[in-house]
Engineer: 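Here it is: the structure, laid out below.
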Amino acid sequence: MEEWKFLPFAHTALKNLFSKPVTTSYPFAPAKYPERMRGHVEIDIESCISCGLCARNCPPGAITVDRAAGTWTIQRFDCVQCGNCTNVCPKKCLHIRPGYTEPDCQKHSETFTRPVKPAAPATKPAAPAAQPAAQPAQTPKSDPQ
Amino acid sequence: MAKRSIVPFGPQHPVLPEPVHLDLVLEDEVVVDAVPSIGFVHRGLEKLVETKDFKEYVYIVERVCGICSFGHGLGYCQCLEQIMNVQVPPRAAYLRTIWMEMSRVHSHLLWLGLLADAMGFESLFMESWRLREKILDMFDATTGGRIIFSVNCIGGVLKDMDNGMLMRLSEVTQEIEQDLRPIADTFLWESTVRSRLHGLGILKKEDAILAGAVGPMLRASGVAYDARKLGYAAYNDLEFEPITSEEGDSYARCEVRIKEIFQSLSLIRQAISKIPNGPIQEPVKGNPNGEHFMRIEQPRGEAIYYVKASGGRFIDRFRLRTPTTSNIPPMVQMLKGCQLADVPLLVLTIDPCISCTER
Ligand code: SF4
Ligand code: SF4
């Protein structure tokens, strides 16, 4: 019954012998990534409203949002590049861009702080200022007692 | 009677890529019985469904397997779409079909490479994986990931392919088809490869049905059963016939898979030529309430998905039966009577994915 072909692989083997390698010489030649490649998450922190939706919808819980401090933190090594955060963000300020996170010996996180709006610093010094004002107000009260 | 001895095989074994353990009962060099045990890489992903939002879980179910990732996402999403009465837009169904077929090409090429590697035919292994790389690059360009695609969502898909991309994909399938010919010839007609595979591990038609074989294993034994014929996604609109072979040996399994690659490549082109325009996602509101059970044809065989939900954010129960689970009993049957030296190759011919069996 034997049906067979004579040396079917010979052509491929010879061709490979005289052609360039298929692989690229990374890291000497930089890796090329397609436009859609999900490599790492980037944030336009100016547009973030600290709603925390991204943190709540991140499957591995890689994002933490601190509304009071206006920070957005990502654990780069916990992120699995699923892209869910970019889909749920109401301000569309998260983007997933090509290029992997560089390897490291330790897990590290990256924190982005929202630039403080001019109105915000005014309220903060106001609070400490109010306290000293309140104390003298109390002392005269206690004095007559 | 010759003296019997038991040889432990796996889970760490130089020629076995998967963490399965077999206790091989030998009489001289002949295997008379094999006792499989799994459970070395259990991850508890099914249980995780109870603590993750049902929309978030799509990203987790994909990670059950690195090869069938698209199919797992698809099966889970389709169950929820049925429960929630969501009609997937036709374009999304076609895109899902295209990605599903790309997964099949990528899985079968991976398997061919592993088979060549198990036989010690290194250059053939490299050639198969060189072709697979083209499909992976296409995945990267269309979905953004090489292995984990994250494009399925409940109600459709997240990313569209524009015309340029579809044309490029169509060209790539033609390139792969051309390059695959000499490789396929080597697998099917090279005398050394043939002599290694021919008549090895015969699984008769009745045995295959009785033991519950699925996928290419079943079809190689002459049963024309393909779950794609159930018509999920856009398979109803595409013309194809299940590929079968009569012999039921390792050669037949190799043949079926090679022919399926060619079939998938032409199915991709067929889907590209028929793809309608329109939206790719249907908005989903509320939480699921109800249960659904469905089957899809993964590259390695039929997989079963079951979802039960009771109106909350979290799903009560999710069950996934992967093809390898059903292919283990036929594998044990096949191993009986073979030579010890053939065991790794035979285990490989079921295209095992033990990690996804254990979820
Ligand atoms: S979802 Fe968007 S806006 Fe909300 S906290 Fe995250 S990045 Fe900021
Ligand atoms: S891409 Fe996925 S894993 Fe990464 S931060 Fe966003 S939601 Fe989390």
Side-chain angles (χ1 to χ4, degrees), chain A residues 1-24 26 31-42 52-63 78-89 92 94-101, chain B residues 48 51-53 55-63 73 116 121-124 126-131 133-134 137-153 158-162 165 168 179 181-195 198 281 313:
Chain A
M1 58 138 273
E2 284 299 295
E3 237 185 299
W4 60 287
K5 293 189 182 173
F6 181 69
L7 296 179
F9 199 67
H11 182 246
T12 316
L14 280 175
K15 205 172 80 189
N16 284 347
L17 208 56
F18 297 107
S19 53
K20 277 200 306 188
V22 183
T23 49
T24 58
Y26 181 83
K32 279 196 225 95
Y33 300 120
E35 202 185 318
R36 282 193 182 180
M37 186 248 188
R38 300 190 316 274
H40 64 279
V41 180
E42 279 178 14
L53 267 180
C54 53
R56 257 177 284 144
N57 284 288
C58 171
I63 303 178
D78 286 355
C79 170
V80 294
Q81 286 94 25
C82 64
N84 200 23
C85 52
T86 61
N87 299 333
V88 297
C89 177
K92 294 285 165 239
L94 291 175
H95 307 282
I96 194 150
R97 300 253 154 83
Y100 295 108
T101 305
Chain B
L48 208 55
T51 54
K52 290 279 174 194
D53 185 280
K55 284 183 185 159
E56 234 174 88
Y57 192 75
V58 181
Y59 301 105
I60 295 163
V61 72
E62 284 185 330
R63 284 164 170 82
F121 201 153
E122 292 296 319
S123 43
L124 191 55
M126 296 285 175
E127 277 295 314
S128 312
W129 281 31
R130 178 175 69 84
L131 282 190
E133 206 60 26
K134 289 193 180 175
D137 284 347
M138 250 358 259
F139 266 127
D140 208 2
T142 55
T143 69
R146 283 161 55 85
I147 299 291
I148 302 288
F149 313 123
S150 302
V151 279
N152 263 316
C153 69
L158 291 169
K159 286 184 181 145
D160 201 352
M161 286 196 225
D162 57 23
M165 231 178 237
R168 176 84 197 101
D179 290 359
R181 287 249 150 73
I183 298 176
D185 278 352
T186 312
F187 273 108
L188 298 177
W189 302 113
E190 228 274 336
S191 60
T192 48
V193 179
R194 256 182 96 100
S195 59
H198 228 279
Q281 208 179 333
R313 261 179 74 214

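All chains are named by letter (A, B, ...) in the order of the sequence lines, taking the proteins before the strands, and each is independently numbered beginning at 1. Keep in mind that the numbers below use all heavy atoms, side chains included, and drop hydrogens, waters and symmetry copies.
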Engineer: For B:Arg130 and A:Thr23, indicate whether the former's side chain and the latter's backbone hold a donor-acceptor pair under 3.5 Å.
Structural biologist: no

Engineer: In Å, rounded to the nearest 0.5 Å, how long is the span from NZ of B:Lys55 to CG of A:Asn57?
Structural biologist: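 Those atoms lie 8.5 Å apart.
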
Engineer: Within the 4.5 Å heavy-atom criterion, are B:Leu158 and A:Asn87 side-chain neighbours or not?
Structural biologist: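 Side chain of B:Leu158 against side chain of A:Asn87, heavy atoms only: contact under 4.5 Å found.
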
Engineer: Would you say A:His11 and B:Pro182 make side-chain contact, with heavy atoms under 4.5 Å?
Structural biologist: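 No. Closest side-chain heavy atoms not under 4.5 Å.
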
Engineer: With rounding to the nearest 0.5 Å, note down the distance linking CZ in B:Phe149 to SG in A:Cys82.
Structural biologist: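 Between B:Phe149 CZ and A:Cys82 SG, I get 15.0 Å after rounding to 0.5 Å.
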
Engineer: So which atom in B:Asp140 and which in A:Arg36 form the shortest heavy-atom distance, rounded to 0.1 Å?
Structural biologist: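 Heavy atoms of B:Asp140 and A:Arg36 come nearest at O-CB, 4.3 Å.
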
Engineer: Can you say whether A:Val88 sits under 4.5 Å from chain B via the side chain, the backbone, both, or neither, judging by heavy atoms?
Structural biologist: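 It is neither, since no heavy atom gets under 4.5 Å.
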
Engineer: Just so I know, are the side chains of B:Glu56 and A:Asn84 near enough to count as touching, which here means a heavy-atom distance under 4.5 Å?
Structural biologist: yes

Engineer: For a 4.5 angstrom cut-off between non-hydrogen side-chain atoms, does B:Ile148 reach A:Gln81?
Structural biologist: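 No, their side chains stay 4.5 Å or more apart.
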
Engineer: With a 4.5 angstrom heavy-atom cut-off, which part of B:Glu127 approaches chain A: side chain, backbone, both or neither?
Structural biologist: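 Side chain of B:Glu127 only, per the 4.5 Å heavy-atom cut-off to chain A.
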
Engineer: Check each atom of B:Tyr57 against the heavy atoms of chain A and say whether the ones under 4.5 Å are side chain, backbone, both or neither.
Structural biologist: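 Neither part.
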
Engineer: Of the backbone (N, CA, C, O) and the side chain (C-beta and beyond), which part of B:Met138 lies under 4.5 Å from a heavy atom of chain A, both, or neither?
Structural biologist: neither

Engineer: So what's closer than 4.5 Å to chain A heavy atoms on B:Asp53: side chain, backbone, both or neither?
Structural biologist: neither

